[in-house]
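Just the heavy atoms: all of them, side chains too, but no hydrogens, waters or symmetry mates, feed the values below. Each chain gets a letter, A, B and so on, in the order its sequence line appears, and its residues count up from 1.
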Amino acid sequence: MNPEIRVRFAPSPTGYLHVGGARTALFNWLFARHHGGKFILRIEDTDRARHHEDAVQVIYDGLRWLGLDWDEGPHADGPHGPYFQSKRETIYQRYADQLIAAGRVYADENGALRFRLPRQPLAFDDMVCGRIEVDRSKSQNREGELEADMTIRRADGGWIFHFVNVVDDIDMRITHVIRGEDHLSNTAKHIELYQALGVEPPRFGHIPLILNKDGSKMSKRDTGASITSYLDGGYVPEAVLNYFCLLGWSPKDDREIMPREEIVARFDLANVNRKGAHFDLAKCDWFNAQYLQQMPLERYRELSAPWLAKAGVALPAGQLDAVLALEKMKVTHLTEVPERVAFFATEDFPYEPVAVEKTLGKPGALDRLAQLAECYAGVEPFDAVTLEAKLKELATTLAVKPAEFIHPARVAVSGRSVGPSLYHMLEVLGKERALARIARTRREFAA
RNA sequence: GACCCUAUCGUCCAGUGGUUAGGACACUCCCCUUUCACGGGAGUAACACGGGUUCGAAUCCCGUUAGGGUCACCA
């Protein structure tokens, strides 16, 4: 435990939250929670054509959905605000003045403020990548010229990312900078800025990037790239979080399905890979199904509710749990829930044409339904065990296979050829509704 | 082009000098079974290449190749 530890997630409000960004946030959050430190959210809206509330909201929504709560930041305040770069103008000016006074910056011919790069060899110990040594005197650009001095303020007065990023981290007392590997090469410049400002640099940890499964760079449009697609795709936040944390990190044993508390307890930056991870939505889906299967029915009901409401499927409160439980083991995405249980909600459910053709259309199917209905009319209690026994007894008596009753019955009471266990489905339906549905089916498909 | 990072099954993750190279997803097959799933069992499948070091390298070193990243008055 080290309450002095302060880490931050500093996204730019681009209107969407990328998986890579979410995982960076997650690793920062895990690091903070593991050590009992602080997790800070800072919005890097420098320059960005003003501040779009909608774009920022996407970040809040994604983080909150994943359960990554921040100790300081928008809506949380804190002693080192404001937490929007667009509101930190005077702070940047103060640090820039310090650099000017020290003779470390100069105005170029266009009026922009530039930081004179030291161009000395430099080394640092990255918490993930190990020791990084760079000879800054050799850095050159594409034209083979020496790398230009870094601009920290545009001619129009706008502040540049590298500068404000460092200033904010200093000002907010950030102790550990955990960010994407795309910043590894920028770190030398950042350290030079820290040194020019007379501040001890924080510890850095650069985590690998997330790529598409084929290894290509993940862009906004790629499957699974946007966190919003998980909110909209029927994913369970704890499952997604579990999958994400295993992209680049491993507890070093065979544990995969781990509750959040265990991940927090075991998370260690030293165990983070340096290799870029290829994103595999199929495995993420598997995690989702596993979480759905294993979660308590109460949680499942809570997560299903919005999807049922959105689809307009209204189940009677008294039956809700029984109905949901019927298909809980089979669901991969919550989006499937409404279609799987919709037929419970109305006696006027539609019949799937292929199901009708495959079963009801077969010779004798309607007769079997009549026989089954007659048999079930006297069944008591009307529960799965009894119904199964009675159906099999009937089949034996008539010397036909149970399947001859089962398949037509399934379609008769649900309109579908796939669905829950027939007997459990009948039990939940109850004798009255079950028999009424069979009667309706016989009526509709009578030749 | 310069500099930096990386390289184990298709994918994720183990394995840090001696293993039949392990687990998971996906895929194939079998079992279970009233459908669809779940579950159980089995199987296919990897150390990028070339040099070293060593009695012995997936593991250490060098090179090659490949992939990624940074070199903005973007963040």
Any strand is fair game: report the nucleotide pairing with [N] by Watson-Crick or G-U wobble, both distances under 3.5 Å, or none.
N     : result
B:G39 : B:C31
B:G22 : B:C13
B:A58 : none
B:A7  : B:U65
B:A2  : B:U70
B:A45 : none

What is the distance, to the nearest angstrom, from the [atom1] atom on [X] to the [atom2] atom on [N]?
X      : N     : atom1 : atom2 : value
A:D280 : B:C27 : CG    : P     : 11 Å
A:F163 : B:A72 : CZ    : C1'   : 17 Å
A:E181 : B:G68 : CD    : P     : 12 Å
A:D254 : B:C12 : CG    : P     : 17 Å
A:Q140 : B:A2  : CD    : C1'   : 4 Å
A:F267 : B:C13 : CZ    : P     : 13 Å
A:H206 : B:G68 : NE2   : C1'   : 14 Å
A:M218 : B:G68 : CE    : P     : 15 Å

Salt bridge (charged side-chain N to carboxylate O under 4.0 Å, His left out) for A:D171 and A:R42? Distances and angles first, verdict last. CA-CA 12 Å; A:D171 198 69; A:R42 178 174 79 227; over 6 Å; no
Across the strands shown, which category fits [X] at heavy-atom distances under 4.0 angstrom: base, sugar-phosphate, nothing?
X      : value
A:R142 : base
A:P11  : nothing
A:E147 : sugar-phosphate
A:G419 : base
A:L209 : sugar-phosphate
A:N165 : nothing
A:G158 : nothing
A:Q293 : sugar-phosphate
A:Y423 : base
A:H162 : base
A:S250 : sugar-phosphate
A:N141 : base

Assert yes or no for the condition that the ring centre distance of A:H206 to A:H183 is strictly below 6.0 Å.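 Not close enough - the centres of the two rings lie 6.0 Å or further apart.
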Is the distance between the ring centroids of A:F267 and A:F27 less than 6.0 Å?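 So the answer is yes for these two rings.
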State whether the distance check finds a donor on one side and an acceptor on the other, under 3.5 Å, for side chain A:S421 versus base B:U34.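 Indeed, a donor on one side and an acceptor on the other fall under 3.5 Å apart.
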Taking only side-chain N and O atoms of [X], does any of them lie within less than 4.0 angstrom of OP1 or OP2 on [N]?
X      : N     : answer
A:R416 : B:A37 : no
A:Q290 : B:G39 : yes
A:N273 : B:C13 : yes
A:K275 : B:U8  : yes
A:K138 : B:A2  : no
A:R114 : B:C73 : yes
A:K283 : B:C13 : no
A:K213 : B:A26 : no

Residues forming a ring pair (Phe, Tyr, Trp, His ring centres under 6.0 Å) with A:Y83, sequence neighbours excluded: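 For A:Y83, no residue satisfies ring pair (Phe, Tyr, Trp, His ring centres under 6.0 Å) once neighbours in sequence are set aside.
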Write out a two-atom table: protein N or O, nucleotide N or O from nucleotides 30-33 of chain B, distance below 3.5 Å.
none

Would a distance-only check, ignoring hydrogens and angles, find a side-chain to backbone donor-acceptor pair under 3.5 Å from A:D45 to A:Q85?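 Looks like yes, one N/O pair under 3.5 Å.
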So, A:H34 side chain and A:V264 main chain: donor-acceptor pair closer than 3.5 Å or not?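 Side chain of A:H34 to backbone of A:V264, a donor-acceptor pair under 3.5 Å: yes, one is there.
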Provide the closest heavy-atom pair for A:L41 versus A:P11 in the form atom of the first, atom of the second, distance.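 Heavy atoms of A:L41 and A:P11 come nearest at CD1-CD, 3.7 Å.
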Is B:C38 syn or anti, taking syn as a glycosidic angle within 90° of 0?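 That one's syn.
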Among residues 394-405 of chain A, which contact RNA chain B at a heavy-atom distance under 4.0 Å?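 Within this stretch, nothing sits under 4.0 Å of the strand.
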Taking RNA chain B as the partner, which of residues 116-134 of chain A come within under 4.0 angstrom of it by heavy atom?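 A:I132, A:E133, A:V134, in order of number.
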Begin with the C-alpha distance, continue with both residues' side-chain angles, and end with the deciding distance and a verdict on side chain to side chain contact (heavy atoms under 4.5 Å, CB included) for A:R131 and A:F124. CA-CA 6 Å; A:R131 187 148 187 90; A:F124 63 97; over 6 Å; no
With a 3.5 Å cut-off and sequence neighbours excluded, list the donor-acceptor pairs that the side chains of residues 277-284 of chain A form with protein atoms.
from	atom 1	to	atom 2	distance (Å)
A:H278	ND1	A:K213	O	3.1
A:D280	OD1	A:A282	N	3.2
A:K283	NZ	A:E256	OE2	3.0

Between B:C12 and B:A7 - C1' atom distance, rounded Å: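 Roughly 15 Å separates the two C1' atoms.
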With sequence neighbours excluded, give me every salt bridge (charged side-chain N to carboxylate O under 4.0 Å, His left out) pair touching residues 391-402 of chain A.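 Those involving residues 391-402 of chain A are A:E388-A:K392.
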